[in-house]
Amino acid sequence: MLVMSADQILEALDPEQREVATALHGPVCVLAGAGTGKTRAITHRIAYGVRVSAYNPQSVLAVTFTARAAGEMRQRLRALGAGGVQARTFHAAALRQLSYFWPQVVGGQIPQLVEHKAPLIGRAARNVGLSLDRLAVRDLASEIEWAKVSLVAAEDYVRVSADRGRPEPAGMNRAQVADAMRAYEEAKTDAVVLDFEDILLLLADIIGRHPEVGDTIRRQYRHFVVDEYQDVSPLQQFLLDQWLGGREDLCVVGDPAQTIYSFAGASPRHLLDFSRRYPAAQTVRLVRDYRSTPQVVNLANGLMARRGAADSGVELVAQRPSGPAVGFKAYPDDAAEAGGVADAAQALIASGVSASEIAILYRTNSQSEAFEEALAERGVGYLVRGGQRFFDRDEVKRAMVLLRGAAVAPDDAPLGEQVRVALTDIGWAEQPPAERGAVRERWDNLQALVQLADDLDTDAGGEATMRELVEHLVERAQAQHAPAVEGVTLTTIHAAKGLEWDAVFVVGLSEGLMPISMAETDEAVEEERRLLYVAITRAREHLSMSFARARREGGKATRKRTRFLERWWPDAAPSRAPRRSAKAELAELDVDQLRLFDALKRWRLETAQAVGKPAFTVLVDSSLVQIAKDRPGTRGDLARIGGIGASKLEKYGLDILEIVAEH
């Protein structure tokens with residue numbers, strides 16, 4: 001492997017990413033918008049620190065929230081020459097440590113983990129006199145998980161859940177939930193098992209009760225990086241505090257505009273309050289969006305640009321060339337929407353867009369069936385994310401066995417050819433089957449393995465071996481990092497977070513689904529807005545938004561499009577008040593605002609004279625008046641001022657913010 005120099009590691013970064021990479025010692029807070037290269041920035045930061053000997057690779061612990069993200073981070077770090085760095089999920093890192101220390105401080109082996117807690121919770125519910133169906137048990141399980149990750153004990157649950165406006169699970173009151181929580185903990189004790197929340201709770205408790213455990217961990221890990229920090233729960237933050245032990249060598253990365261798991265205990269406050277907790281923290285904003293076209297970025301920015309709202313993250317600045325306009329479509333009913341979207345997806349494929357680069361995103365899993373049927377009718381392959389995992393499918397398991405066997409006997413043939421021969425016995429063929437449904441799905445999954453082998457061999461210059469492929473597949477399976485299957489992706493918006501496609505259809509955008517009817521508080525509605533923001537920012541080039549006016553064909557058209565997109569929908573033409581002159585607005589400024597306005601005018605004149613242009617070409621008076629009124633404190637705030645686009649923000653943003661700060 002080619003060893004990169006420190007300068008080479010930095011060469012691939014833009015100025016803000018480089019600022020992150022060279023901020024080697026914490027505390028560091030990176031506010032990274034969608035598509036701005038946050039993973040690139042933090043992996044290059046770690047690799048740069050290792051290359052200049054600021055870090056010992058074994059002393060760095062990078063944590064994120066999904067096994068897939070952790071696996072991707074490990075792959076990138078290896079490619080950058082920092083393969084010894086630990087990159088894990090919170091739970092994987094905690095389980096590894098808990099398993100090591102348990103025999104020393106508790107004795108014996110760590111209890112077994114229970115992956116499916118529903119049977120235990122159902123038994124606990126019955127023990128306290130509750131008769132619950134399967135869905136109610138699921139709701140109770142979610143509420144118990146929320147309480148544990150929010151560090152809410154059973155004795156405090158009734159008060160805290162009421163104070164925080166948590167809705168009561170169907171068929172239960174708060175006192176019954178608290179009783180079920182106690183019974184569930186007793187049931188786990190009797191069965192000698194732990195759940196996933198216990199891993200973090202018990203490790204944090206052991207570190208707190210046994211100083212020697214904390215000392216050992218802190219001697220091992222001296223530098224911490226936390227990705228997706230907006231999704232940290234109070235429990236995860238508590239464990240992170242135990243790991244740090246008062247030290248400040250911490251780098252956190254996140255985007256408050258992508259906080260979409262508050263219902264499960266996540267809180268963006270840890271990210272938003274980072275500089276208050278660490279006054280000496282260096283804050284870097286990544287705003288250059290390399291993923292999406294200006295059309296997509298402008299819609300995303302506009303969705304989140306709400307005057308007076310809480311910090312919604314960064315104002316994205318598109319770096320890609322202009323692309324097609326965002327589509328807005330109203331269909332008469334659900335079947336028509338599914339058919340229209342399937343037709344549009346088919347047209348994109350015919351134009352050269354790969355099916356695996358197209359996604360249909362919806363709010364709830366129940367919406368997928370109509371789109372599955374419409375795609376199948378048109379012979380368009382698809383993959384439903386959130387269904388059975390790729391590496392758990394029977395044909396993939398059988399393929400792995402065959403490939404392991406082939407790896408034992410060396411073969412001089414190219415890797416792709418070896419894989420094709422091995423998989424022919426279980427149904428792979430050069431041409432896809434004419435049938436749809438399960439037969440085509442099996443072929444698509446085997447074809448994904450063939451394509452992965454071809455890609456691996458290409459990357460290795462034609463020298464990749466079957467053994468290397470098997471090792472690569474094993475690592476992917478452990479991280480649940482499935483290869484791309486050639487089909488349109490169907491998935492919920494929540495499951496789409498962290499992914500991206502060339503073309504995205506966001507469907508079902510009617511009131512009751514977006515925002516969902518259960519979003520009854522202002523906070524819940526704002527979370528739904530952030531969810532839509534996540535959906536929009538998954539698209540690289542093609543983006544289509546749609547909803548159906550009625551559920552069934554011929555049904556009454558009672559649905560209304562989502563309030564979030566009202567101003568962008570083509571037939572939305574709200575009356576506008578006549579635009580007031582800058583002179584009229586200037587007359588309303590108070591003394592302090594006038595002083596700021598005058599200072600801005602002086603700066604504008606000096607700037608214009610320096611380049612030999614009229615003053616109005618820098619900024620017009622109405623923009624200066626608005627700045628004087630609003631006193632923007634960040635580039636994001638400044639970008640919301642009329643007349644300040646990406647170019648002027650880049651040229652003049654820092655100068656303007658300095659003048660505002662002085663006044």
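Not measured: the values here are computed from a predicted model. The chain is numbered in sequence order, starting from 1. The figures here come from the full heavy-atom set of this structure, side chains too, leaving out hydrogens, waters and symmetry mates.
Taking 4.5 Å as the limit, every side-chain heavy atom of T283 sits out of range of all side-chain heavy atoms of Y278. Side-chain contact between N298 and V326 is absent, with no heavy atoms from C-beta onward closer than 4.5 Å. Taking 4.5 Å as the limit, some side-chain heavy atom of E197 sits within range of a side-chain heavy atom of K117. Here the side chains of L203 and Q242 are not in contact, with every heavy-atom distance at 4.5 Å or above. With a 4.5 Å cut-off on side-chain heavy atoms, V20 and L13 do not count as touching.
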Practice prompt. Evaluate the side chain to side chain contact (heavy atoms under 4.5 Å, CB included) criterion for residues L286 and V253: first the C-alpha distance (whole Å), next the side-chain angles of each, then the deciding distance (0.1 Å), finally the verdict.
Written response: CA-CA 10 Å; L286 301 184; V253 188; 5.9 Å; no
Worksheet item: Between V226 and F90, does a side chain to side chain contact (heavy atoms under 4.5 Å, CB included) hold up when you go through it step by step?
Response: CA-CA 9 Å; V226 184; F90 264 102; 4.1 Å; yes
Discussion item. Please determine whether side chain to side chain contact (heavy atoms under 4.5 Å, CB included) holds for the pair F65 and V232, giving the CA-CA distance in whole Å, both sets of side-chain angles, and the decisive distance to 0.1 Å.
Written reply: CA-CA 9 Å; F65 283 80; V232 164; 3.7 Å; yes
Item to complete: Might you work through the salt bridge (charged side-chain N to carboxylate O under 4.0 Å, His left out) test for E185 and K148, ending with a clear yes or no?
Response: CA-CA 11 Å; E185 295 302 322; K148 293 183 75 169; 3.2 Å; yes
Item to complete: Evaluate the criterion side chain to side chain contact (heavy atoms under 4.5 Å, CB included) for residue pair L194 and L202; output intermediate values, then yes/no.
Response: CA-CA 10 Å; L194 303 175; L202 290 171; 3.6 Å; yes
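Without hydrogens or angle criteria, T562 side chain to M514 main chain gives a donor-acceptor distance under 3.5 Å. The closest donor-acceptor contact from the side chain of R285 to the backbone of L31 lies at 3.5 Å or more, if one exists at all. Remark: the backbone N or O of L24 is paired with a side-chain donor or acceptor of R45 at under 3.5 angstrom. Of the possible polar contacts, one joining the H91 side chain to the F196 backbone as a donor-acceptor pair under 3.5 Å is found. In terms of modelled atom types and a separation under 3.5 Å, the side chain of S292 and the main chain of A539 share a donor-acceptor contact. With hydrogens and angles ignored, the 3.5 Å screen pairs no side-chain donor or acceptor of H210 with any backbone N or O of I206. R247 contributes a side-chain N or O that, together with a main-chain N or O of W243, makes up a donor-acceptor pair within less than 3.5 Å. Without hydrogens or angle criteria, S99 side chain to R96 main chain gives no donor-acceptor distance under 3.5 Å. Although no hydrogens or angles enter the test, the distance criterion places a donor-acceptor pair under 3.5 Å between the side chain of R538 and the main chain of V534. Checked by atom type and distance alone, the side chain of D273 never pairs as donor or acceptor with a backbone atom of R276 at under 3.5 Å.
Using cut-offs of 30° and 60° on the angle between ring planes, the pair Y55 and H25 is perpendicular. Ring-plane geometry between H494 and F263 is classed as perpendicular, the angle between the planes exceeding 60 degrees on a 0 to 90 degree scale with a lower cut at 30.
Applying the 6.0 Å contact sphere to CD of Q112 captures no more than 12 heavy atoms from other residues, nucleotides or ligands. More than 12 heavy atoms of other residues, nucleotides or ligands sit less than 6.0 Å from atom OH of Y290.
Q258 contributes atom CD, which lies 8.5 Å from atom CG of D231 (distance to the nearest 0.5 angstrom). T66 OG1 to R68 CZ: the interatomic distance, rounded to the nearest 0.5 Å, is 7.5 Å. Here the straight-line distance linking atom CZ of R218 with atom CG of L244 works out to 8.5 Å at 0.5 Å rounding. For the atom pair CE of M304 and CG of L532, the computed distance is 9.5 Å after rounding to the nearest 0.5 Å. In this structure, R51 CZ and H44 NE2 are separated by 13.5 Å, a value rounded to the nearest 0.5 Å. If you take OG1 on T259 and CG on L271, they are separated by 7.5 Å, rounding to the nearest 0.5 Å.
Using a 3.5 Å distance cut-off with no hydrogens or angles, the side chains of Y229 and Q236 do not pair a donor with an acceptor. Using a 3.5 Å distance cut-off with no hydrogens or angles, the side chains of E228 and Q230 do pair a donor with an acceptor.
Ion pairing between a basic and an acidic side chain is recognised when a charged N comes within 4.0 Å of a carboxylate O; R164 and E523 show no such pairing. The pair E527-R530 counts as a salt bridge, with a side-chain nitrogen and a carboxylate oxygen less than 4.0 angstrom apart. Under the 4.0 Å criterion applied to side-chain N and carboxylate O atoms, K38 and D227 are assigned as salt-bridge partners. The residues D289 and R320 are annotated as not salt-bridged, no charged nitrogen and carboxylate oxygen being separated by less than 4.0 angstrom.
Shown here for L531 and I493, the closest heavy-atom pair between the two residues is O-CG2, 3.3 Å. Minimum interatomic distance between L513 and R363 (heavy atoms only, all atoms of both residues): O-CG, 3.2 Å. Here the closest non-hydrogen pair linking I46 and A62 is CD1-CB, 4.2 Å. Pairing each heavy atom of S150 with each of P234, the nearest pair is CA-CG, 4.0 Å. In this structure, P632 and L657 approach most closely via the heavy-atom pair O-CD2, 3.5 Å. In plain terms, the two heavy atoms of R529 and L303 that are nearest each other are NH1-O, 3.2 Å.
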